[in-house]
Amino acid sequence: ALNMTYLDEVAATTGVDSDDRRPLQDMVRDSALVRALRQRGYTYLALSTGYADAELQSADIYLAAPWSLSQFESGLINTTPISPLISLQYDLHRQRLLYAFDHLADATRIKGPVFTFAHIAAPHPPFVFDEAGGPITPNREFYLSDGSHYMEEGSRDEYIAGYAAQVRFVTAKAQAAIETILEHSPAPPIIVLQADHGPGSRLIWTSAERTDLRERMSILNAYHLPGGVDAALYDTISPVNSFRLILSSYFAADYALLEDRSYFSLWDRPYDFIEVPDPGTGP
């Protein structure tokens with residue numbers, strides 16, 4: 001999405017047998033989209049994500065909750081037998097998520113055009129909210145694991161119940177944030193609300209054949225495009241074309257749309273892409 005391209009060239013350089021994710025990290029931290037918007041005078045605002053691969057501290061404005069732990073620090077705590085520290089990690093994770101929702105609209109107070117990037121790790125596991133937003137603290141070490149990695153300590157029934165409850169709360173928080181942005185923006189804002197993947201209750205990181213690819217590949221992909229540009233949207237648009245369409249429509253940039261395709265890869269072979277035919281679309 002942020003680079004408006006598929007990853008074939010990266011795979012060709014690294015090789016399909018590589019599990020080195022550093023080239024992908026570099027693409028996220030120095031994306032083609034941000035470079036294009038900065039050239040057009042945009043301020044770049046990023047919120048803390050909790051993922052080391054997507055902590056964009058090079059943004060012009062970087063917002064993070066007052067207290068937070070990196071993935072490395074959380075992993076270090078997991079090596080200790082001190083249970084209060086485990087509980088602290090879940091508390092800080094909740095605070096990070098709430099902070100992101102509460103500060104999504106901060107860009108409306110900044111003079112001039114602003115691009116805000118927020119990767120909010122929810123309803124992704126761990127499940128730390130009930131559907132009303134009440135705190136939940138799982139009785140296990142803190143991890144951002146998903147799919148079969150989550151199932152090593154959890155169960156599918158637990159996953160489905162936790163995901164359903166958390167997605168209800170997250171939906172309400174997202175709606176409130178969007179309403180605030182729409183109310184306070186000095187100019188009609190462009191908003192893209194896009195998941196990076198679907199649920200993982202039937203995701204097997206070692207097997208595409210045993211994974212429910214329709215579940216994993218189906219995402220929420222919603223747009224608010226003022227000025228009639230929403231008429232250019234189409235049902236099967238995928239993240240590779242989101243900002244191609246936006247840059248071409250609003251800035252007269254020359255970004256031809258690519259063929260919309262979906263790919264899956266196994267955890268240990270991130271560049272060995274498996275094309276997923278028609279993962280499904282919805283209203």
Side-chain angles (χ1 to χ4, degrees), residues 49-51 53-54 69 71 74-75 77-98 100-101 119-176 193-222 239 262-270 274 276-283:
T49 69
Y51 283 99
D53 297 346
L69 294 172
Q71 276 185 282
S74 291
I77 288 175
N78 285 339
T79 66
T80 75
I82 306 173
S83 58
L85 291 180
I86 303 298
S87 178
L88 173 64
Q89 292 180 87
Y90 286 106
D91 289 339
L92 293 177
H93 183 63
R94 267 189 294 273
Q95 291 177 30
R96 188 199 303 272
L97 297 175
L98 292 174
F101 282 117
H119 177 192
I120 302 175
H124 191 289
F127 305 119
V128 295
F129 294 107
D130 63 24
E131 62 181 271
I136 295 174
T137 300
N139 59 348
R140 61 178 65 98
E141 293 178 349
F142 177 86
Y143 287 113
L144 292 169
S145 55
D146 200 2
S148 54
H149 293 166
Y150 175 94
M151 303 303 173
E152 291 174 5
E153 295 191 47
S155 69
R156 181 168 289 123
D157 288 344
E158 176 189 11
Y159 187 107
I160 293 171
Y163 192 101
Q166 191 152 276
V167 78
R168 292 187 184 101
F169 175 64
V170 166
T171 298
K173 294 295 289 184
Q175 288 175 329
L193 179 61
Q194 188 174 85
D196 55 347
H197 56 70
S201 72
R202 296 183 181 276
L203 164 65
I204 309 298
W205 279 116
T206 57
S207 172
E209 292 75 19
R210 292 189 294 130
T211 291
D212 183 342
L213 293 176
R214 182 180 178 88
E215 176 196 55
R216 189 60 172 175
M217 304 299 293
S218 298
I219 65 168
L220 173 65
N221 190 13
S262 297
Y263 296 93
F264 177 80
S265 58
L266 306 179
W267 182 262
D268 292 332
R269 295 176 65 84
I274 302 163
V276 181
D278 188 20
T281 59

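Note that this is a predicted model, so its numbers are computed, not measured.
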Identify the heavy atoms of [X] and [Y] that sit nearest to each other, and give their distance.
| X | Y | answer |
| --- | --- | --- |
| V167 | A164 | CG1-O, 3.2 Å |
| L266 | A208 | CD2-N, 3.7 Å |
| G50 | L144 | O-CD1, 3.8 Å |
| Q194 | P239 | OE1-CB, 3.6 Å |
| T211 | I204 | OG1-N, 2.8 Å |
| P270 | S265 | O-OG, 3.1 Å |

Atom pair [atom1] ([X]) and [atom2] ([Y]), whose distance is rounded to the nearest 0.5 Å:
| X | Y | atom1 | atom2 | result |
| --- | --- | --- | --- | --- |
| R202 | S148 | CZ | OG | 13.5 Å |
| R96 | T49 | CZ | OG1 | 7.0 Å |
| S87 | L92 | OG | CG | 9.5 Å |

Exercise. Stepwise, does the salt bridge (Lys or Arg N to Asp or Glu O under 4.0 Å) test hold for E215 with R156?
Worked result: CA-CA 14 Å; E215 176 196 55; R156 181 168 289 123; over 6 Å; no
For this session: List in chain and number order the residues that pass ring-ring contact (aromatic ring centres under 6.0 Å, His included) with H149, two or more places apart in sequence or in another chain; answer none if no residue qualifies.
Result: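 H149: ring-ring contact (aromatic ring centres under 6.0 Å, His included) contacts with W205, W267.
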Exercise. Listed by chain and number, what are the ring-ring contact (aromatic ring centres under 6.0 Å, His included) partners of Y90, not counting sequence neighbours?
Worked result: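 Listed in chain order: F142.
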Exercise. Where do R269 and I274 land on the side-chain contact (heavy atoms from CB on, under 4.5 Å) test, with the steps shown first?
Worked result: CA-CA 10 Å; R269 295 176 65 84; I274 302 163; over 6 Å; no
Exercise. Stepwise, does the side-chain contact (heavy atoms from CB on, under 4.5 Å) test hold for D146 with H197?
Worked result: CA-CA 11 Å; D146 200 2; H197 56 70; 3.6 Å; yes
Exercise. Under 4.5 Å between any side-chain heavy atoms of R94 and T137, yes or no?
Worked result: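 Yes. Closest side-chain heavy atoms under 4.5 Å.
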For this session: Report the C-alpha distance between I219 and D196 in whole Å, list the side-chain angles of each, state the deciding distance to 0.1 Å, and finish with yes or no for side-chain contact (heavy atoms from CB on, under 4.5 Å).
Result: CA-CA 7 Å; I219 65 168; D196 55 347; over 6 Å; no
Problem set entry | Audit row: K173, L98, side-chain contact (heavy atoms from CB on, under 4.5 Å) steps and yes/no | CA-CA 8 Å; K173 294 295 289 184; L98 292 174; 4.1 Å; yes
Donor-acceptor pairs under 3.5 angstrom involving side-chain atoms of residues 121-128: please list them, not counting sequence neighbours.
from	atom 1	to	atom 2	distance (Å)
H124	NE2	Y51	OH	3.2

Exercise. Are the side chain of Y159 and the backbone N or O of G200 linked by a donor-acceptor pair below 3.5 Å?
Worked result: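 Answer holds: yes.
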